[in-house]
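Atoms within each ligand, like the ligands themselves, are counted from 1 in listed order.
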Amino acid sequence: MLEKVLYPTDFSDASKKALDYIKQLKQAGIKEVVVLHVIDEREIDAIFQHSAVRFEDIVRSIRAEAKKEMGAVERELGKNGFTVKVRIERGIPFQIILAVEEEEDVSAIVIGSHGKTNIKEMLLGSVSEKVIRKSKKPVLVVKR
Ligand code: ATP
Ligand code: MN
C-alpha cells in the first residue's frame with residue numbers, strides 16, 4: 001500500500017523527523033522513496049534584489065548546497081535498504097510537490113508538520129498546509 005512515497009524536504013530539523021519516520025515505515029512496506037527539494041523561486045528573487053550577484057550565480061550556489069544536502073539524505077535512505085530517487089526542482093514548493101506527486105504516481109506523501117521557519121504557535125507550516133489541502137493522495141504529517 002505504501003510502496004512508493006514522496007518525501008519533500010527543506011533539509012530542516014523538522015523535515016528530518018519525517019525522514020526518521022520513513023525509516024521506521026520500512027516494515028509498513030515502503031520500498032521506494034522519491035526525495036524532493038524545491039528551490040524556492042521567491043527566495044532567489046529576494047536574494048537577487050539585495051545583492052550584486054548575477055541571478056544564475058545565485059541559483060548555482062543554492063543548487064550546489066542543495067545537492068550536498070540531498071546526497072546525505074540519499075545515502076541515509078540507501079543504507080537503510082530503500083530504493084531512492086532524488087529530485088531538485090525550482091519553483092513554488094507546494095506547487096512542485098503536487099506536480100511531482102502526480103508525475104511519480106506515489107501512493108502517499110510523508111511531510112514534516114513544520115520546516116525551516118518553525119514558528120512555535122503555528123499548527124502547520126504553509127507548505128504542509130497547502131499540500132494537505134490540495135493533495136489527491138494520503139498525506140502523512142510527521143510532527144516536529
Ligand atoms: P513557512 O514556510 O510557512 O514559514 P515552515 O518553514 O515552518 O513554515 P513548511 O515550509 O510548511 O514549514 O514545511 C513543512 C514541510 O514541508 C517540511 O518539513 C518539508 O517536508 C516540506 N517543505 C517545506 N519547504 C520545502 C521545500 N522547499 N522543498 C521541499 N519540501 C519542503
Ligand atoms: Mn518553510
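Taking distance alone, with nitrogen or oxygen atoms compared against 3.5 Å, V38 approaches ligand 1 more closely than that limit. Remark: ligand 1 and G112 share an N or O pair separated by less than 3.5 Å (distance only, no angle test). For ligand 1, the polar-atom distance check finds an N/O of H114 within less than 3.5 Å of one of the ligand's N/O atoms. Of the N or O atoms in N118, one or more lie within a sub-3.5 Å distance of an N or O in ligand 1. The distance criterion of under 3.5 Å between nitrogen or oxygen atoms is met by V127 with respect to ligand 1. Considering both main-chain and side-chain atoms, L36 never comes within under 3.5 Å of ligand 1 through any nitrogen or oxygen pair. Ligand 1 has an N or O atom lying under 3.5 Å from an N or O atom of P8, backbone or side chain.
Neither the backbone nor the side chain of I39 comes within 4.0 Å of ligand 1, counting heavy atoms alone.
A salt bridge is defined here as a Lys NZ or Arg NE, NH1 or NH2 lying under 4.0 Å from an Asp or Glu carboxylate O, and R54 with E56 fails to meet this definition. A salt bridge is absent between D10 and K16: the closest approach of a Lys/Arg side-chain nitrogen to an acidic carboxylate oxygen does not fall below 4.0 angstrom.
At distances below 3.5 Å, at least one donor-acceptor pair connects side-chain atoms of S128 with backbone N or O atoms of S113.
Distances from ligand 1 to the non-hydrogen atoms of T9 include at least one value under 4.0 Å.
Checking V131, L124, I111 against atom 16 (O) of ligand 1, the nearest heavy atom belongs to I111. Comparing I109, D10, I119 by heavy-atom distance to atom 25 (C) of ligand 1, the nearest is D10.
Summary of contacts: the protein heavy atom closest to atom 3 (O) of ligand 1 is S126 OG, 2.5 Å.
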